[in-house]
Amino acid sequence: MMNLLLLSRRWLSLLALPMAALALISCKSVTSNDTVDYKSSGAVRGPNLSYPPDLITAQADRRYIVQDGTATMSEYNAAVKKSAQMRTNVMTGIPGMRIAKDGERRWLVVEKPAPELYPQVKDFWQENGFLLVVDSPSTGIMETDWAENRAKIAQDWIRSTIGGALDSIYDTGERDKYKTRLEVTKPGETEIYITQRGAIEKCTTDTTGACISTIWTSRPNDPELEAVFLARLMERLGMTQEQAKAMVAAPLGPKTPKAKFVQEGNNKGYIELSAGFDRSWRDIGLALDRSNFTVEDRNRSQGVYFVRYVNAKDVGDSKGFFSNLFSSKDDSKLQAKKYQVIVKSTGENSSNVYVQDADGKPENTPAGFQLLTLLTEQLAK
């Protein structure tokens, strides 16, 4: 039986056909000049047929809650408005702000302590239309909810005329979420990393090739979206738009081999990296950011990330909506457990990565083996 989502979309599509024909006659479709716009995607104000039915559940209401307290959209909107009013007091500029690059990676370095930067970065994401599902000042990590880039929808005659009334007809079939991590490398200086994860809606077909339902699957990471938000964050912190765009647009270095998975018998192994400790520490952090793991704490001097596997429902995704993204059939072995990911320098240009359990003992189990496999896959991208 065809699900409600497809029935609704086909019905809406039939209604839209006459209007679409009229639009084609009347004028050409144009695309918005702004290629990134998540302003309208942070809130679902009732049953929106552009979202899978599983999303509209009580569990999904967690998308309106951030860990430091506010739980209503009115309070959220008031906070964003207040933040916008205060921007003139904040936008005084920060000396020493720059983009750092290593191979194909880029991140922001700011000469300012992380505790002072964290509230500004949090305001930045809210001003760009996102709600936070992870908000952890103690670890310097925040993560947005899934959102739709509405700028990808063509601004045709129909949408410009009645799009506000029937906006749910328009859907890109794509969603994004972003994780931000503030890393302190030396006193008074903070590194800011932004990583993007994407999802795309695809049809499942029957034997005749007809679409009978849709599922959400992962899509490749988009470094350009990360660059856009790095530039926007630099502008938010006081740099001019032209300067920020020029810094981010500077060419990256060549991509080099990163990781080799070394197996030592059943469920035993480690990752071998052809890079020194600093780069290896950075790459492992980014690999964790792009995986279903939350960094609960870290100790750079000892090379330890304290992590736990994140079930999609733990961050507000309801069952059936994005619940299988970025995971494999073996990920069930990783759930409800904490791990230590250890980065050890083995030379000036080499490091090894190991997995231990919460007590610091070798994790020679299928779960530990799977964690290393997932990290290796991320490092290879």
Side-chain angles (χ1 to χ4, degrees), residues 103-105 107 132-134 136 139-146 175-183 192-200 216-223 225-226 258-261 267 269-273 275 279-298 300 303-317 321-343 351-358 363 365-381:
E104 72 283 5
R105 309 286 194 194
W107 64 95
L132 297 179
V133 293
V134 174
S136 177
T139 61
I141 293 173
M142 61 190 80
E143 184 174 349
T144 73
D145 198 1
W146 291 101
R175 300 292 184 270
D176 300 294
K177 70 187 311 179
Y178 296 86
K179 182 176 287 187
T180 308
R181 179 164 48 88
L182 281 64
E183 187 88 38
I192 303 177
Y193 299 88
I194 295 177
T195 52
Q196 174 265 351
R197 294 165 62 189
I200 186 169
W216 290 91
T217 62
S218 61
R219 78 175 196 274
N221 162 258
D222 189 342
L225 284 175
E226 296 172 352
K258 295 185 184 65
K260 177 183 178 182
F261 186 30
N267 300 322
Y270 61 92
I271 300 173
E272 194 175 83
L273 297 173
R279 180 171 184 176
S280 297
W281 176 263
R282 182 185 313 120
D283 285 348
I284 289 297
L286 290 170
L288 290 167
D289 289 346
R290 291 190 172 118
S291 306
N292 266 26
F293 294 93
T294 286
V295 177
E296 295 190 325
D297 202 355
R298 57 190 182 274
R300 183 187 175 95
V304 183
Y305 283 101
F306 299 89
V307 306
R308 66 180 174 87
Y309 179 84
V310 181
N311 188 300
K313 291 187 288 184
D314 291 341
V315 292
D317 292 336
F321 183 75
F322 298 132
S323 59
N324 295 319
L325 283 181
F326 313 100
S327 62
S328 74
K329 61 182 180 180
D330 297 323
D331 278 3
S332 59
K333 300 172 184 175
L334 296 168
Q335 297 184 29
K337 193 170 183 179
K338 297 182 180 181
Y339 305 91
Q340 295 182 23
V341 177
I342 314 296
V343 182
S351 302
N352 290 342
V353 181
Y354 305 89
V355 173
Q356 298 178 350
D357 62 18
E363 183 68 40
T365 65
F369 193 85
Q370 180 65 11
L371 199 164
L372 286 170
T373 301
L374 293 173
L375 288 178
T376 305
E377 291 172 355
Q378 288 293 334
L379 291 165
K381 294 180 178 179

Exercise for review: Check for a donor-acceptor pair, side chain of Asn221 on one end and backbone N or O of Gln196 on the other, with a separation under 3.5 Å.
Suggested key: yes
**Study point:** Close side-chain approach of Leu374 to Gln370, heavy-atom, < 4.5 Å
**Key:** yes
Review point. Mind checking whether Leu286 and Trp107 have side chains closer than 4.5 Å, heavy atoms only?
Key: no
**Study point:** Heavy-atom pair of closest approach, residues Thr180 and Leu182
**Key:** CG2-CD1, 4.0 Å
Practice item. Taking all non-hydrogen atoms of both residues into account, name the closest pair between Thr195 and Glu226 and its distance. Key: CA-OE2, 3.3 Å
Check your understanding: Is the backbone of Arg175 close enough, under 3.5 Å, to the side chain of Arg219 for a donor and an acceptor to pair up by distance?
Key -> yes
Review point. Can you name the nearest heavy-atom pair linking Trp216 to Ala199, along with the distance?
Key: CE3-CB, 4.1 Å
Point to revise | Backbone N/O of Val307 and side chain of Glu296: donor-acceptor pair under 3.5 Å | key: no
Exercise for review: Rounded to the nearest 0.5 Å, what's the gap from CG on Asp176 to CG on Asp145? Could you check?
Suggested key: 12.0 Å
Review point. Is there a donor-acceptor pair closer than 3.5 Å between any side-chain N or O of Thr144 and the backbone N or O of Tyr178?
Key: yes
Check your understanding: When rounded to the nearest 0.5 angstrom, what is the spacing between CG in Leu225 and CZ in Arg197?
Key -> 14.5 Å
Exercise for review: Determine the sole option in Val304, Leu371, Ile271 for which the side-chain contact (heavy atoms from CB on, under 4.5 Å) test with Val341 is passed.
Suggested key: Leu371
Point to revise | Tyr354: which of Tyr339, Tyr270, Tyr305 passes ring pair (Phe, Tyr, Trp, His ring centres under 6.0 Å) | key: Tyr270
Review point. Does Ala275 offer a backbone N or O that forms a donor-acceptor pair with the side chain of Ser280 under 3.5 Å?
Key: yes
**Study point:** Flag side-chain contact, heavy atom, 4.5 Å: Val134 against Met142
**Key:** no
Review point. Between CG of Asp289 and CD of Gln378, what distance do you get to the nearest 0.5 Å?
Key: 10.0 Å
**Study point:** Leu379/Leu273 under side chain to side chain contact (heavy atoms under 4.5 Å, CB included): CA gap, chis, key distance, verdict
**Key:** CA-CA 9 Å; Leu379 291 165; Leu273 297 173; 3.9 Å; yes
Review point. Is the backbone of Thr139 close enough, under 3.5 Å, to the side chain of Arg298 for a donor and an acceptor to pair up by distance?
Key: yes
Exercise for review: Calculate, to the nearest 0.5 Å, the distance between atoms NZ and CG belonging to Lys338 and Asp297 respectively.
Suggested key: 10.0 Å
**Study point:** Atom pair CG/NZ of Asp357 and Lys337 - distance to nearest 0.5 Å
**Key:** 6.0 Å
Revision key, fill the gap. Between the CZ atom in Phe306 and the CD atom in Gln356, the distance rounded to the nearest 0.5 Å is 9.5 Å
Check your understanding: With a 4.5 Å heavy-atom cut-off, do Arg282 and Tyr193 have their side chains touching?
Key -> yes
